[in-house]
There are 2 protein chains.
Amino acid sequence: MARLSSHDVRERLLEAGVRTFSKAGFNGCSVQDITDAAGVPKGSFYNHFESKEALGAAALQHYWTDGACDQLKILTRLDMSPRERLRTYFEEATAEMAQIGFTCGCLVGNMAAELSDHSPIIAIQLSAIFLGWSGQVAECIRAAQAAGEIESNADPDQLAAFVLNAWEGAVLRARIEKADRPLRQFIQTLFTILLR
Amino acid sequence: MARLSSHDVRERLLEAGVRTFSKAGFNGCSVQDITDAAGVPKGSFYNHFESKEALGAAALQHYWTDGACDQLKILTRLDMSPRERLRTYFEEATAEMAQIGFTCGCLVGNMAAELSDHSPIIAIQLSAIFLGWSGQVAECIRAAQAAGEIESNADPDQLAAFVLNAWEGAVLRARIEKADRPLRQFIQTLFTILLR
DNA sequence: AATTTTAAGATGACCGGTCATATTGCGGAA
DNA sequence: TTCCGCAATATGACCGGTCATCTTAAAATT
């Protein structure tokens, strides 16, 4: 059996990291759990990452730039109106969460809860991720306002931050209830009240 | 030095559990961390709780019924109007979070992120806590609507769930940023847009 | 003296991380 | 083209320490 290239090993560890951290939490899994999930020998781990925390930071980045950003592209599609894009974005996210049985939740939220007090590096990353995320949503809200799809002319940045905060909370509750009810309720409230 | 009564030891473990789980997370601290924080011998732990998870469940209950409920009483005070009560409630919570330097966050949210997939007992408790919490806030919103303090006549339960979701998200972001900005912004958005 | 409760210390599995050694692909010397 | 030397990577046994939990002798209570 051919050996994996160095790049492949690193990639596998990143993806296994995202999966394993999402499922079990940063402190809820071991480095061995991750190498097992990646199908990589334990000893290889430290050739690619200097510590578990370093993998945490890299996996978070990987999740955001290679995984979550695909969904974010919905927000800039041109085949839908801004308001439709927003709705589709949260409906897609709901469907994805349903598909995995409401386990895991959002890696960004999980890492925020577990590590923001203890890993400054990851806290800074999380801050940047939330900023970018909020900015994208704000842009879409701004466009919806310009298109006359939203009554309120409140500050889009303020609205976006509030909406994403509520989304994080809804994800938490969906995970507890193992049902899409909190997510559906979030969408309904969002579009019938806040972005009416 | 006189020995502590059995009841005191249990109480100390509960309070140390709340403190330690809040600071370090459930998987981020050891049983010994908790017994040290409680100032009780480590051998005593299993005389009072059958497992770390059992303490987790008991501490969560203790936090909710003996700690957080004090703040919840603001929502039913009669010396303020319903809308004022709501604002005071979130401002008090903001002040408390500022006082501890934006570490810890909310035990309910932290445990939800860390344990809702792995501890059914705690998941059920979390579900009940959110339900009760949401109900209290909904009642206050309903009263505010009745008093004509809020324009929107949207379903109070739906509003309350959305508001608490957003609060959980805001707490997460305040913890990341180590600043009250996300909490202040939450309050501002809440009262100038959602509960206008 | 009999019974219950306490808590010190033990237990072995497991933790994040390191090690010596084996293997590899590659640039340059022939 | 062939070969060599070498840096980078692969590997799993292994490190000291910590984990959640248990055992048990001593202390307190009856």
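Every chain is numbered from 1, with letters handed out A, B, ... down the list of sequences.
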**Q** Using heavy atoms to find the nearest nucleotide of DNA chain C for A/Glu53 and B/Asn47 separately, return the residue whose nucleotide is more 5′.
**A** B/Asn47
**Q** Would you kindly give the CD-to-P distance between B/Glu50 and D/dT21, to the nearest whole Å?
**A** 9 Å
**Q** Tell me which nucleotide among C/dG16, D/dT21, D/dC19 gets nearest to the side chain of B/Asp33.
**A**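 Looking only at side-chain atoms, B/Asp33 lies closest to D/dC19.
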**Q** Touch check for A/Lys42, heavy atoms < 4.0 angstrom, all strands: base, sugar-phosphate only, or nothing?
**A** base
**Q** Ignoring hydrogens and geometry, is there a side-chain-to-backbone donor-acceptor pair from B/Arg83 to B/Phe191 under 3.5 Å?
**A** yes
**Q** Mark yes or no for whether B/Lys42, through its side chain, and B/Gln32, through its backbone, hold a donor-acceptor pair below 3.5 Å.
**A**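 Not at all, since once roles are kept as given, no pair shorter than 3.5 Å links the two residues.
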**Q** Side chain of A/Lys52, heavy atoms from C-beta onward: which of D/dT11, D/dA20, C/dG16 has the nearest atom to it?
**A** C/dG16
**Q** At under 4.0 Å between heavy atoms, what does B/Ser44 touch on the DNA or RNA strands: base, sugar-phosphate, or nothing?
**A** base
**Q** On the nucleotide C/dT18, are OP1 or OP2 found under 4.0 Å from the side-chain N or O atoms that A/Tyr46 carries?
**A**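 Indeed not, no polar side-chain atom of A/Tyr46 lies that close.
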**Q** Rounded to whole angstrom units, what separation is found between the CZ atom of B/Arg10 and the P atom of C/dA7?
**A** 16 Å
**Q** Without decimals, in angstroms, what is the distance between B/His48 NE2 and C/dA7 P?
**A** 7 Å
**Q** Quick one: list whatever passes salt bridge (charged side-chain N to carboxylate O under 4.0 Å, His left out) with B/Glu149, sequence neighbours left out.
**A** none
**Q** Let me know the distance between CZ of B/Arg12 and P of C/dT6, rounded to the nearest Å.
**A**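 Going from CZ in B/Arg12 over to P in C/dT6 covers 14 Å.
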**Q** Mark yes when over 12 heavy atoms from residues, nucleotides or ligands other than B/Lys23 sit less than 6.0 Å from its NZ; otherwise mark no.
**A** no
**Q** Which nucleotide wins on minimum distance to the side chain of B/Ser30, given the candidates D/dA20, C/dG17, D/dG12?
**A**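 The listed nucleotide nearest to B/Ser30's side chain is D/dA20.
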